[in-house]
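One-based numbering, in listed order, for ligands and for the atoms of each. Side chains are part of it too, since the values below use all heavy atoms of this structure and drop only hydrogens, waters and symmetry mates.
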Amino acid sequence: MAAAVFNQSIGASQSLGHFNTSGLHQEFGKGSVRLISKAFEVDVGLSKKGCYNSSQRHLSIIRASTSQTSLIDIVSSPSHNKSNDSRKKSGEAALILIRHGESLWNEKNLFTGCVDVPLTKKGVEEAIEAGKRISNIPIDMIYTSALIRAQMTAMLAMTQHRRKKVPVIMHNESEQATAWSQIFSEDTKKQSIPVVADWRLNERMYGELQGLNKQETADRYGKEQVHEWRRSYDVPPPNGESLEMCAQRAVAYFKDQIEPQLLAGKNVMIAAHGNSLRSIIMYLDKLTSQEVISLELSTGIPMLYISKEGKFIRRGSPAGPAEAGVYAYTKKLALYRQKLDEMVH
Ligand SMILES: O=C(O)[C@H](O)COP(=O)(O)O
């Protein structure tokens with residue numbers, strides 16, 4: 001069964017180059033075609049609780065909590081996870097990248113950047129659809145930006161996951177917040193997925209363009225100027241961040257916080273934004289500052305990478321509802337899926 005899924009997936013990956021794509025795409029690299037589109041993208045040929053009035057009580061809660069293992073410790077510690085042995089053997093981990101679903105300002109065609117606006121109804125639906133597409137892929141840790149549109153996307157997507165673990169937002173903004181969000185059941189912790197929200201995954205800060213209409217801005221300053229602000233690597237919009245500046249925090253965060261999790265065999269989902277993800281993909285795929293110009297990400301389309309021995313291998317994203325035919329599963333992912341099937345039947 002697992003082998004069948006595996007073979008089917010490999011077959012799909014080999015034929016991906018023949019799919020019709022409806023969105024934007026780019027081609028470059030020797031022997032490799034990268035397609036980033038609404039439809040799919042793949043490399044071809046590469047393969048806490050209660051209110052305490054007494055401050056005394058409050059302090060003791062904090063002290064008690066410091067001796068508790070946190071949810072992140074549970075996920076990160078090898079001794080807490082039986083399947084960790086097989087992870088070590090295969091030395092691989094899944095990495096899912098997902099740009100948030102459509103936001104209310106995407107719908108209005110406004111520059112959004114770090115302005116914190118929620119999803120539209122369509123964005124909610126996109127997030128749920130994205131969740132269906134990744135419902136068979138293991139997820140041990142979730143990282144999102146500090147912005148609600150990315151957090152909504154991650155949470156809505158997780159409502160669809162077959163493993164039925166519960167995403168739990170980590171609150172480390174203060175000692176008190178950490179203490180008050182402790183879970184006191186090891187079993188419950190094991191059925192939870194830590195969600196770490198960090199501003200360094202935020203959308204690029206769009207400076208004085210935030211809140212302006214994209215079309216009106218192009219009419220006023222010229223299409224080329226606006227394209228340069230939106231897509232060039234090193235030209236920042238007025239008083240905003242260039243992609244390069246955005247990369248300095250987003251990629252640094254990825255390297256410091258996320259990559260060690262992947263290297264430890266943890267399967268990670270990142271829900272973030274067009275430009276913070278473009279900068280991370282630039283790092284993962286070793287794109288040049290020229291190549292990244294034509295890299296476009298659609299809202300709500302999950303991309304799958306495999307992290308193996310310090311390398312990142314793109315394994316596609318789905319063209320349609322039949323996700324098994326479009327993600328190039330590894331044997332390990334196929335086995336995970338088989339286990340999920342067995343849990344249901
Ligand atoms: O912040 C925004 O306005 C968008 O979500 C991303 O903008 P872009 O398409 O100009 O990169």
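- Judged by the 6.0 Å distance and 45° axis criteria, R204 is positioned over the aromatic ring of Y206.
- In the model, T120 has a side-chain atom that pairs as donor or acceptor with a side-chain atom of E102 under 3.5 Å.
- The contact shell of ligand 1, taken as protein residues with any non-hydrogen atom closer than 4.0 angstrom, comprises R99, N106, L110, F111, T112, G113, E203, Y206, K214, R230, R231, N275.
- Checked by atom type, the side-chain pair R220/Q215 shows no donor-acceptor distance below 3.5 Å.
- Partners of E203 under the salt bridge (charged side-chain N to carboxylate O under 4.0 Å, His left out) rule, at least two apart in sequence or in another chain, do not exist in this structure.
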Extract all donor-acceptor atom pairs below 3.5 Å that involve side chains of residues 108-117 and protein atoms in other chains or at least two apart in sequence.
from, atom 1, to, atom 2, distance (Å)
T112, OG1, L110, O, 3.1
D116, OD1, I148, N, 2.7

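- Remark: R278 pairs with N275 by the side chain to side chain donor-acceptor pair (under 3.5 Å) rule, at least two apart or across chains.
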